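A quick write-up on the structure given underneath.
Computed from a predicted structure; not experimentally measured.
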Amino acid sequence: AEQNGMKSYLVKPVSLQRLYAVLAGYLPGAPQSMTEIRDVRPNDKVQLSAESFSKQTAALPIDFQRGIAQLNGNHSLYLKLLKQFLAQLNHQYADLAGELMEASLTTVNAADLSEWQAKNHSMKGVAGNLALMALHEVSQKIDIELKQQRLPGQRLIQSFNQIINETKQAIQNTMNL
């Protein structure tokens with residue numbers, strides 16, 4: 001891409017508006033803003049309007065407006081991705097906080113720290129992209145410690161575990177709306 005003149009880059013979590021703005025600079029004839037594009041296809045199964053959806057979920061640890069905006073307003077895709085992430089939280093990431101908690105009571109080797117860091121880093125990225133901000137922020141703190149080959153403190157691990165559980169519950173509640 002760089003050899004062909006693309007010298008821009010984006011950082012995670014990627015904003016759809018920023019991505020579009022960068023790409024539009026390289027695409028002749030592209031609309032100058034995303035507001036000129038209307039490609040949202042509502043799914044019949046999703047009956048909530050954006051306003052209703054936001055009101056019913058305002059108390060949850062999820063920034064729904066931000067998450068949906070990152071998907072160009074596609075509510076059904078956002079719900080589908082939340083559902084997939086919930087499955088990942090229940091399987092791939094299910095034991096991460098527990099493993100960190102147990103490790104705080106024993107001697108830890110560098111391989112375990114690296115494995116936990118990779119798993120947490122992946123979860124942190126998805127959480128940020130889905131606007132699960134509480135989970136993203138605590139995962140970011142865990143990531144910093146693990147990258148330094150240090151086990152996070154007990155309080156941070158407990159907070160991490162609590163936020164994972166709250167996020168799971170919030171996503172489950174959302175699926176029931």
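With rounding to the nearest 0.5 angstrom, the CZ atom of F64 is 6.0 Å from the CG atom of L82. Distance check, rounded to the nearest 0.5 Å: OG of S139 to CG of L96 gives 8.0 Å. Summarising the geometry, atom NZ belonging to K147 is positioned 13.0 Å from atom CD1 belonging to I142; distances are rounded to the nearest 0.5 Å. Atom-to-atom distance recorded for L89:CG and Q172:CD is 11.5 Å, nearest 0.5 angstrom. One finds the CD1 atom of I144 at 10.5 Å from the CG atom of N120 (value rounded to the nearest 0.5 Å). To the nearest 0.5 angstrom, F85 atom CZ is 6.0 Å from I171 atom CD1.
Applying the salt bridge (charged side-chain N to carboxylate O under 4.0 Å, His left out) test to R66 and every residue at least two apart in sequence or in another chain returns nothing. In this structure K83 satisfies the salt bridge (charged side-chain N to carboxylate O under 4.0 Å, His left out) test with no other residue, sequence neighbours excluded. For the side-chain hydrogen bond (donor to acceptor under 3.5 Å, both in side chains) test, residues two or more places apart in sequence or in another chain that qualify with E99 are W116.
Checking side-chain atoms of N109 against main-chain N and O of D112 turns up a donor-acceptor pair under 3.5 Å. Using modelled atom types, no side-chain atom of Q154 and backbone atom of S104 make a donor-acceptor pair closer than 3.5 Å. Of the possible donor and acceptor atoms, one in the side chain of T174 sits under 3.5 Å from a partner among the backbone N and O of A170. A distance-only check finds a donor-acceptor pair linking the side chain of N90 to the backbone of L86 [under 3.5 Å]. In this structure a side-chain-to-backbone donor-acceptor pair under 3.5 Å is missing from S159 to R155.
In this structure, L156 is a member of the same hydrophobic cluster as M123, with clusters built from ILVMFWY side-chain heavy atoms closer than 4.5 Å. No single ILVMFWY cluster, assembled from side-chain heavy atoms under 4.5 Å apart, contains both I164 and M133.
The shortest side-chain heavy-atom distance between F160 and L100 falls under the 4.5 Å cut-off. Here the side chains of L79 and M175 are in contact, with some heavy-atom distance below 4.5 Å. Looking at L130 and H136, their side chains never come closer than 4.5 Å, going by heavy atoms from C-beta outward. Side-chain contact check for I62 versus Y78: some heavy-atom pair is nearer than 4.5 Å. Side-chain contact check for P61 versus L132: every heavy-atom pair is 4.5 Å or farther apart. For the pair N173/Q169, a side-chain contact is recorded, criterion being any heavy-atom separation below 4.5 Å from C-beta on. Here the side chains of S114 and Q149 are in contact, with some heavy-atom distance below 4.5 Å.
The two residues L146 and P152 make their nearest non-hydrogen contact at CD2-CD, 3.9 Å. Between N161 and A97, the shortest heavy-atom distance links the atoms OD1-CB, 3.5 Å.
The environment of NZ in K168 is crowded: more than 12 heavy-atom neighbours from other residues, nucleotides or ligands sit within 6.0 Å.
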**Study point:** Test side chain to side chain contact (heavy atoms under 4.5 Å, CB included) applied to L71 and L81, step by step
**Key:** CA-CA 10 Å; L71 295 171; L81 293 173; 3.8 Å; yes
